[in-house]
2 protein chains.
Amino acid sequence: MHEREFRAFVSIAETGRMDAAARQLGYSQPAITYQIKCLERSLGFKLFTRHPSGARLTGDGRMILPSVRAVLMLMDSIREPQGDRSGELPDEGAAGGTTLPLVRRRTA
Amino acid sequence: MHEREFRAFVSIAETGRMDAAARQLGYSQPAITYQIKCLERSLGFKLFTRHPSGARLTGDGRMILPSVRAVLMLMDSIREPQGDRSGELPDEGAAGGTTLPLVRRRTA
DNA sequence: CCCTTTTACGTTCCCCGTAACTATC
DNA sequence: GATAGTTACGGGGAACGTAAAAGGG
């Protein structure tokens, strides 16, 4: 359940290959194997079936793919909001609220 | 940008105290200080202002809180989908699709 | 002085790369 | 024997707890 594992998972799902994901993300192949193994262990089910031709998503893997993509997009959006600092709030107390002024993005 | 940092962040935001968050999450206070320090460093801005009375959200901290909560909820939903295995898909090739059968939940 | 957070330090465990192995074609 | 993935192993760094210190009422 770590971000880098999620990125590896999506990359493999898209390319169908672990070594391609490794190159894309700047890791060695064993590192990718390890990351996916950790992710599968923490989730309790297999994400890919391994073949000589590459790695293919299982039903479970395909099931969580959209949520994983959503997590990564949210994380990217959390990283962004630097640069524009004009009308920011000064300080505030403990927050119990639910809906709040979503992350500020450069483009919007 | 790790899950445990996010949980610490939300817990502090809700309680207004680092030591309360530490107790709630089962860590020592220094561990919480360390986690928030790491998170602030990786984000590039402060999340809390520290006072003798506790820790209070900065404007930036308040800004990302909803997205952080969303990430945690998504992660919980990714962990859940075990237990119901009746109509699951067998296997499939590389997935380039965008919208897919969201994570199956016990309640819905 | 009390309360909350931070710094210091040592230990443990995680994550990665290199190297060697296995499996399928 | 080529390609894709896995296992083995050692090193560097991350994350924690205990202990001690610092900052404000």
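Within every chain, numbering begins at 1; the chains are lettered A, B, ... in the order of the sequence lines, protein sequences first and strands thereafter. Every value quoted in this text rests on a predicted model; they were computed, and no experiment measured them.
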Enumerate all atom pairs, one protein N or O and one N or O from nucleotides 1-4 of chain D, separated by less than 3.5 Å.
unit_1	atom_1	unit_2	atom_2	d
D/dA4	OP1	A/R17	NE	3.3
D/dA4	OP1	A/R17	NH1	3.4
D/dA4	OP1	A/R17	NH2	2.6
D/dA4	O4'	A/P52	O	3.2

Length of the line joining B/I36:CD1 and C/dT5:P, which is rounded to integer Å:
11 Å
Produce the list of close N/O pairs, under 3.5 Å, pairing protein atoms with atoms of nucleotides 15-17 of chain C; give distances to one decimal.
unit_1	atom_1	unit_2	atom_2	d
C/dC15	OP2	A/Y34	OH	3.1
C/dC16	OP1	A/Q35	NE2	2.9
C/dC16	OP2	A/Q35	NE2	3.3
C/dG17	OP2	A/S28	N	3.0
C/dG17	OP2	A/S28	OG	2.6

What pairs with B/E40 under salt bridge (Lys or Arg N to Asp or Glu O under 4.0 Å), at least two apart in sequence or on another chain?
B/K46, B/R50
Hey, quick one: are A/Y34 and A/V68 part of the same hydrophobic cluster, counting side-chain heavy atoms closer than 4.5 Å, chains of contacts allowed?
no
Do B/R4 and B/Y27 have side chains that approach each other closer than 4.5 Å (heavy atoms only, starting at C-beta)?
yes
For the pair made of CZ in B/R50 and P in C/dT7, what is the distance, rounded to whole Å?
9 Å
Would you say A/F9 and A/L57 make side-chain contact, with heavy atoms under 4.5 Å?
yes
Is there a side-chain polar atom (N or O) of B/T33 under 4.0 Å from OP1 or OP2 of C/dT6?
yes
Main chain of B/L47, side chain of B/T58: is a donor-acceptor contact present, judged purely on distance under 3.5 Å?
yes
Mark yes or no for whether A/E5, through its side chain, and A/H2, through its backbone, hold a donor-acceptor pair below 3.5 Å.
yes
Any side-chain N or O of A/K37 less than 4.0 Å from the OP1 or OP2 oxygen of D/dT7?
yes
Give a yes or no on whether the backbone of A/S11 and the side-chain of A/T15 come within a donor-acceptor separation of less than 3.5 Å.
yes
For A/D76 and A/R7, run salt bridge (Lys or Arg N to Asp or Glu O under 4.0 Å): C-alpha distance rounded to whole Å, both residues' side-chain angles, the deciding distance at 0.1 Å, then the answer.
CA-CA 12 Å; A/D76 290 339; A/R7 301 219 180 261; 3.0 Å; yes
Separation of D/dG17 P from B/L25 CG (nearest whole Å):
11 Å
